[in-house]
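These values consider heavy atoms only, across backbone and side chains, with no hydrogens, waters or symmetry-generated copies. The model shown is predicted, which means the values in this text are computed figures rather than measured ones.
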Amino acid sequence: MNMRRTLIGLAVLSLTFLSSTAALARVSVDLLTTEPNDARDSSVGVTRLNSMRVSVRATPPEEVYAVEAEYAGVTIPLTRNQVNGMHYGTFDLTPIPYGRYTLKVTAYDRYGEASTIERLVYRYAPPTMRVISPRPYTPVTRDTPIVAMCVGALPFSCLNFRAIVSSQFREAETVKGTRSTVPGAMEVILPPLSPPLQSGEVLRIGLQSENPGGGVLSSPAGHGTYAPAYYVEESPKLSVVQRAPGAIVDFDATRILFLDPSYRLGVVDRATELVTHIGELQLPTQHTRTEDYGALTPSGAVMQSWNGDFFAWANGHVSGTARRGWIDAVNGDSLLWMTPDEDQVNLLTLTTDVDTTFLLRPGTTSPFQADIAASGNIYYSTHEEPSIRGPGERRLGNHPGYLQRPITDGTNVAGRWWNGAVCSSYLYTSDGREVFLGDSRQGNAAGLLVHAGYTAFLKSDGAVNQVWVRTPAGDLHQLSDFPTPSRFDQQRLRIGHDGISDTGEVVFLNDGKRYIGRPGEEPEEISSDLGHARWFDGGWYVTLGNTLFEVATGGGTTGDGAAAAKETAGRPVIERREEELELVHTAPLAADAAEPPAPDPSEPEAAPGSFEDLEAAPISGDLASAGALGDALPAAMGCSAGRSAAGQNAGSQGAAALASALVGLTLARRGRRRC
């Protein structure tokens, strides 16, 4: 107000020099904006922050002497920017209660005459909107009540609160809220949806309300932020063993590794249920198709973030700072990782934090893929060579085409070669034999399982891939005979190991369902294809979201499983002896192997070709239904991994194809061939 008095004094003095008396102000306010502004109507302002910036344009600039703004009883001068001529100022709103106020801006000319403009500006706290039951990443059934609540801050309450429910099987459905028994709150109780919920469905529940100015508030908020997933699973063969306070990444006999909704990594002691967060480790919020993945280790845990950082936690301490690169394989105390450009592969000893160079590949144009046996022996491959390399420069196989990830159980080794038309699988036994297993024509690189002398593999029947198993004695059994392609239930850092039991039972996925295949029997349906199944400690388990299930096997199938069994009834279970197949002894490395076909970046297993490509990968929050976050987070501990060889097994083929097509656009430098 002192400024106003000074200006009025100047105006009075100037009258002795004027031939006329008081006149209208020679300036006007042409533009007034406030930031932030959540209102749709430009004539009002809505801010939820503790500060508000005011921008004013007063004209003509040569006549403007001063500009000031008043809000909630506080007046501040506005400063002119000499470049653009605008006047700016910022209000500290911390001491101002929430409510509706008038923002008044006054511009003075050099004679003290004023021009004023006013705007209604709301200061408010955005309402709290959340699904209060069930917890995020929790499996539900069609009868599970789902309740969301919105609580507003006085003097404002929730306006037009609603929930928007969507999944891979349904379009978005809007459910409007009603007044809650909680004062100032509204709630949504999801009614029966149409069509009814079904096993395998991944619900996304977006919440919306309106602010006082009419703008829409959404939860989760922010560009590319994922809504938590709610998994529909009604299989009677799954029984809950334990839950974690976040999405389960891995488990063993005593611990569960999880990532909570705030992207903090933690461990649950299974005996005491004590939760320990790993230091202050918090991963960046996921917003790309590339998922986070990790594993428990004997001394702690390791975790790979989608943005190219990975962390090692051993003996209660996080190993230094985050490393920049990609975990490819881990087992016991040994971890193989690649630098961002993939030109160098390092071997990290977790308990000592000692990093040594394992392989240098300057200017490489192909991925590195490896498996580590419990003994520490490493078998690895690249697309540049026709053979699997083992300890002591041992070479296994010599075939044209692109060599895929080798898998070992410590005794046998298996690998796949893509020649541009088919993917051929071979087994290398402990006595030095090479056994041709079969060709597959579609699917992915994660097409082998090796455990306890058993080998499971995908083999085409001329139309689609079927699941086969080879016993330690060399017997071959076809386990699936479906009209649609089957695939293995694989997860990163456990590729090739989880889905096969000590007795040769094999878990596989087909048409949205999970089966156990046994030699001489019809496949047993056990659940939807959500989550990840694993053979552990003499039984089958499924990790889905925040829940660890045990599988009750045997006793036939129930529900939809009966129909599946009926469809396959009467189909022969094919058994063949190994002697009917060609056996070839291991060949030396050929100096001039056949030139493989050019990489195809649109192939389903394609991955970003370089670290720079990944950073530029498209935002895919809108792509994430079955494949985002919850079910994309693996149950993973120790054996083999690779960011370029695991992705397609968790999602539907349609979503997978869309995601792969988008990611394939980033393959400017490196090609990936997967089969």
Side-chain angles (χ1 to χ4, degrees), residues 134-141 144 167-169 197-204 226 228-252 256-261 268 291-296 446 449 486-495 497-501 506-516 524-536 539-553 560-561 624-637 646-652 655-656:
R135 294 167 57 187
Y137 316 119
T138 299
V140 301
T141 68
T144 302
S167 77
Q168 74 272 39
F169 300 140
L197 298 178
Q198 58 180 301
S199 284
E201 195 164 356
V202 182
L203 296 180
R204 302 282 167 179
Y226 283 99
Y230 301 87
Y231 307 101
V232 184
E233 182 57 77
E234 298 195 299
S235 172
K237 298 195 174 183
L238 299 183
S239 58
V240 176
V241 175
Q242 208 156 9
R243 296 192 194 275
I248 295 177
V249 179
D250 190 18
F251 75 96
D252 61 19
I256 295 176
L257 181 67
F258 69 90
L259 195 61
D260 74 10
V268 177
E291 73 267 25
D292 307 295
Y293 56 93
L296 288 166
L449 301 173
S486 296
R487 64 189 191 279
F488 291 133
D489 185 358
Q490 304 265 31
Q491 288 288 355
R492 296 191 179 190
L493 295 184
R494 299 202 62 83
I495 292 174
H497 300 279
D498 278 3
I500 187 167
S501 75
V506 178
V507 159
F508 64 92
L509 307 174
N510 187 284
D511 197 22
K513 298 175 182 178
R514 178 176 285 111
Y515 296 89
I516 296 179
E524 177 185 1
E525 181 186 334
I526 60 172
S527 68
S528 73
D529 65 354
L530 297 181
H532 176 57
R534 174 180 171 191
W535 175 260
F536 177 76
W540 288 106
Y541 292 83
V542 171
T543 53
L544 177 55
N546 65 359
T547 305
L548 174 63
F549 294 96
E550 186 173 10
V551 179
T553 61
D560 294 339
S625 55
L629 191 56
D631 55 301
L633 289 169
M637 171 188 171
Q648 287 312 121
N649 291 330
S652 64

Side-chain donor/acceptor of Arg534 to backbone N/O of Thr543, under 3.5 Å: no
Side-chain touch Leu203/Leu197, heavy atoms, less than 4.5 angstrom: yes
Heavy-atom side-chain proximity of Gln490 to Leu449 below 4.5 angstrom: yes
Close side-chain approach of Tyr230 to Val202, heavy-atom, < 4.5 Å: no
Any Ile526 side-chain heavy atom under 4.5 Å of Trp540 side chain: no
Side chain to side chain, Phe549 and Pro139, heavy atoms closer than 4.5 Å: yes
Shortest non-hydrogen contact from Gly545 toward Tyr231: CA-CE1, 3.5 Å
Taking every non-hydrogen atom, the tightest pair across Val268 and Ala244: CG2-CB, 4.3 Å
Glu234: partners by salt bridge (charged side-chain N to carboxylate O under 4.0 Å, His left out), with sequence neighbours left out: Arg142
Test item: Val232 and Gln198 side chains (from C-beta on) under 4.5 Å apart, heavy atoms: no
Straight-line distance of Asp250 CG to Gln491 CD, nearest 0.5 Å: 10.5 Å
Closest non-hydrogen atom pair, Ser199 against Ser235: OG-N, 4.2 Å
Atom of Pro134, atom of Val140 and distance for their closest heavy-atom approach: CG-CG1, 3.5 Å
Distance-minimising heavy-atom pair for Leu493 and Ala295: CD1-CB, 3.7 Å
Taking every non-hydrogen atom, the tightest pair across Ser486 and Asn510: OG-ND2, 2.9 Å
Separation between CG of Asn546 and CZ of Phe258, rounded to the nearest 0.5 Å: 10.5 Å
From Glu550, Glu525, Glu524, residue fulfilling salt bridge (Lys or Arg N to Asp or Glu O under 4.0 Å) relative to Lys237: Glu524
Side-chain donor/acceptor of Arg514 to backbone N/O of Leu509, under 3.5 Å: no
Check: Val507 main-chain N/O paired with Asp489 side-chain donor or acceptor under 3.5 Å: no
pair Ile248-His532: side-chain heavy atoms closer than 4.5 Å: no
Point-to-point distance, once rounded to the nearest 0.5 Å, from OH of Tyr137 to CG of Leu544: 13.0 Å
Separation of Ile500 CD1 from Ile516 CD1 (nearest 0.5 Å): 12.5 Å
4.5 Å side-chain heavy-atom contact, Phe488 and Ile495: no
Gap between atom NZ of Lys513 and atom CG of Leu530 - 0.5 Å precision: 13.0 Å
Pairing residues for Phe536 by the ring-ring contact (aromatic ring centres under 6.0 Å, His included) criterion, not counting sequence neighbours: Phe251
